[in-house]
Amino acid sequence: MIYWQLFYVFFKIGLFGFGGGYAMLSLIQHEVVERYSWLSATEFTDIVAISQMTPGPIGINSATYVGFSATNGVLGSLVATFAVVLPSFLLVLSLCYFFSKFRNNDNVKNTMQGLRLVVIGVIASAALLLMNKENFVDAIGWIIFAVAFFLCKFCKIHPILIIVLAGVVGGIIYG
Amino acid sequence: MNIYFAAFLSFFKIGTFTIGGGYAMIPLIEKEVVEVKRWLTKEDFLDIIALSQSLPGILAINVAIFVGYRLKGTRGSLVTALGTALPSFLIILLIAIFFESYKNNALVEAVFKGIRPAVVALIAVPVFNLAKAAKLTYKTFFIPCVAALFIWLLGISPIWVILVAGVGGFLYGKLKRKEHKE
């Protein structure tokens with residue numbers, strides 16, 4: 001049943017989504033695109049673009065969008081969004097109840113250190129998986145990629161502006 | 001004003017006006033919670049941020065739950081989390097309904113053809129920024145590389161990679177401390 005699957009997948013994403021929004025994207029992509037095929041790679045990329053341009057955390061945005069497109073209805077959005085935040089509730093609240101000295105624990109520190117290294121690779125894999133023929137239709141795609149990378153990394157241009165510029169370029173070239 | 005309503009409104013406002021993901025929300029939450037409403041001290045807030053970053057899940061939601069709990073227990077945390085999530089939920093729902101019917105439009109498709117490579121670039125940039133921040137050495141450099149290759153080429157779930165890394169870091173630390181003692 002699709003709602004149960006949505007709940008299960010987004011609960012898992014919420015539970016293992018260490019390392020911020022981009023790392024979570026990699027998990028979402030693996031489940032939603034590669035495993036369940038609820039979205040194609042291009043649809044997923046479009047959602048990331050939309051998430052960057054709209055308010056709120058990318059995890060909520062993707063859960064809401066994927067829930068809607070997988071079921072064609074609001075209930076799917078509700079289930080996926082609820083599922084992605086539920087682990088946060090369970091973990092934060094139990095932390096508040098049981099542990100007050102969590103942060104200064106050496107074991108926690110070492111575990112986080114291991115995660116921090118791997119998260120870099122997790123995000124890299126998301127980028128690599130999205131570098132496919134569907135997202136890069138021709139050489140112009142690679143030029144847009146290179147320019148966008150340069151503008152974001154070295155000129156610190158705001159991501160929204162980069163997306164808008166790329167959209168204008170796409171509209172002119174492919175339109 | 002009722003404290004529940006005030007907390008909901010604060011987080012709803014932050015959720016509505018921060019574009020660009022969860023990290024962009026943190027300074028706004030801090031300003032609202034520490035400076036404007038004086039619900040928490042700066043030290044308390046910094047502790048909450050550190051804790052929230054060590055937990056899985058959406059950072060802004062974790063922070064909202066912590067702040068809500070400190071204000072009014074479990075019910076407080078429900079209110080603040082709802083306030084944070086609701087604006088994105090509503091906006092994305094509207095876009096999803098709208099976009100589903102426009103995505104086959106030729107101009108929309110052309111615009112997104114241009115946007116997609118740029119989005120991939122936006123995902124690639126933090127890889128390099130994080131690598132720099134982590135001060136990778138020739139000894140640790142292979143860890144993110146292997147992780148990326150496993151997920152990318154072998155199709156291993158990132159969840160397994162994360163689990164192994166967490167357990168690995170934990171065991172490595174234990175070993176180090178044992179060596180240190182001896």
Side-chain angles (χ1 to χ4, degrees), chain A residues 14 16-18 21-22 26-27 30 45-46 48-49 54-61 64-65 68 77 81 85 87-88 91-92 96 103 110-115 117-118 120-128 130 135-136 141 144-145 148-149 152-153 159 162-163 166-167 169-171 174-175, chain B residues 15-16 18-19 21-22 50-51 54-62 65-66 69 81 85 87-89 91-93 95-96 107 110-127 130-131 134 140 143-144 147-148 151-152 157-159 161-162 165-166 168-170 173:
Chain A
F16 293 101
F18 283 96
Y22 284 107
S26 169
L27 270 71
H30 183 85
T45 314
D46 294 349
V48 180
T54 51
I58 207 153
I60 301 277
N61 293 349
T64 306
Y65 201 107
F68 184 85
S77 287
T81 309
V85 299
S88 287
L91 290 168
V92 172
C96 289
R103 189 163 61 96
N110 294 134
T111 309
M112 293 316 296
Q113 221 135 32
L115 289 175
L117 287 174
V118 132
I120 302 168
V122 168
I123 300 173
S125 72
L128 289 167
L130 293 177
N135 280 338
F136 292 72
I144 294 174
F145 171 83
F149 186 91
C152 181
K153 177 93 177 83
I162 293 175
I163 292 177
V169 170
Y174 302 111
Chain B
T16 311
T18 40
I19 294 178
L51 276 167
S54 327
L55 291 175
I58 298 157
L59 179 66
I61 292 286
N62 290 349
I65 295 172
F66 266 119
Y69 185 82
S88 348
F89 182 81
I91 291 166
I92 292 293
L93 205 58
I95 291 175
L107 183 62
V111 166
F112 273 89
K113 259 186 194 158
I115 286 177
R116 283 168 202 146
V119 168
V120 180
L122 293 179
I123 299 173
V125 168
V127 174
L130 286 170
T140 51
I143 296 176
I151 302 169
W152 178 39
S157 166
I159 289 175
V161 173
I162 284 169
F170 174 81

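What you see is a predicted model; the values in this text were computed from it and never measured. Here is the naming used below: chain letters follow the sequence lines, and residue numbers restart at 1 for every chain.
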**Request:** Select, from B:I143, B:N62, B:I91, B:I95, the one with the greatest count of heavy-atom pairs under 4.5 Å involving chain A.
**Result:** B:N62
**Item:** Selection from A:L91, A:L117, A:L130, A:V85 maximising heavy-atom pairs under 4.5 Å formed with chain B
**Value:** A:L117
**Prompt:** What is the distance from atom CD1 of A:I123 to atom CD1 of B:I151, rounded to the nearest 0.5 Å?
**Reply:** 10.0 Å
**Prompt:** Measuring heavy-atom distances to chain A, does B:Y69 have an atom under 4.5 Å in its side chain, in its backbone, in both, or in neither?
**Reply:** side chain
**Request:** Heavy-atom distances under 4.5 Å only: say whether A:Y22 touches chain B with side chain, backbone, both or neither.
**Result:** side chain
**Message:** For a quick test of reading the model, state the closest non-hydrogen atom pair linking B:A131 to A:I120 and the distance between them.
**Reply:** CA-CD1, 3.8 Å
**Contact winner vs chain B - A:G59, A:S26, A:S88, heavy-atom pairs under 4.5 Å** = A:S88
**Request:** Could you walk me through whether A:Y65 and A:T54 pass the side-chain contact (heavy atoms from CB on, under 4.5 Å) test, one step at a time?
**Result:** CA-CA 12 Å; A:Y65 201 107; A:T54 51; over 6 Å; no
**Item:** Heavy-atom closest pair, residues B:I123 and A:A126
**Value:** CG2-CB, 4.3 Å
**Item:** Region of A:P87 that comes under 4.5 Å of a non-hydrogen atom in chain B
**Value:** neither
**Complete:** Turns out that what part of A:S77 lies under 4.5 Å from chain B's heavy atoms comes down to both
**Complete:** So, the part of B:T16 with a heavy atom under 4.5 Å from chain A: the answer is backbone
**Message:** Looking at every heavy atom in both B:P117 and A:G141, which two are closest together, and how far apart are they?
**Reply:** CB-O, 3.1 Å
**Prompt:** Relative to chain A, which segment of B:A124 carries a heavy atom at a distance below 4.5 Å: side chain, backbone, both, or neither?
**Reply:** both
**B:P87 portion near chain A, given a 4.5 angstrom heavy-atom threshold** = neither
**Asked** Hey, which of A:G114, A:G167, A:A148 has the most heavy atom pairs under 4.5 Å with chain B?
**Response** A:G167
**Message:** Run the side-chain contact (heavy atoms from CB on, under 4.5 Å) test on A:I163 and B:L122 for me, step by step, so that the C-alpha distance in whole Å, both residues' side-chain angles and the decisive distance to 0.1 Å come before the verdict.
**Reply:** CA-CA 9 Å; A:I163 292 177; B:L122 293 179; 3.7 Å; yes
**Nearest-0.5 Å distance, CD of residue A:Q113 to CG of residue A:L115** = 10.0 Å
**Interatomic distance, A:T81 atom OG1 to A:N61 atom CG [nearest 0.5 angstrom]** = 9.0 Å
**Asked** With only heavy atoms counted, which part of B:L93 is less than 4.5 Å from chain A, the side chain, the backbone, both or neither?
**Response** both
**Asked** Which region of B:I61, side chain (C-beta onward) or backbone (N, CA, C, O), has a non-hydrogen atom less than 4.5 Å from a non-hydrogen atom of chain A, or is it both or neither?
**Response** side chain
**Fill in**
Output for pair (A:F68 CZ, B:F89 CZ), nearest 0.5 Å, gives 10.5 Å
**Item:** Contacting region of B:V119 [heavy-atom separation from chain A under 4.5 Å]
**Value:** side chain
**Asked** Among B:G168, B:A81, B:A134, B:A118, which has the most heavy-atom pairs under 4.5 Å with chain A?
**Response** B:A118
**Fill in**
Cut-off 4.5 Å, heavy atoms of chain B, and the answer for A:V118 is both
**Request:** Could you tell me which of B:G173, B:A147, B:G15, B:P144 has the largest number of non-hydrogen atom pairs under 4.5 Å with chain A?
**Result:** B:P144
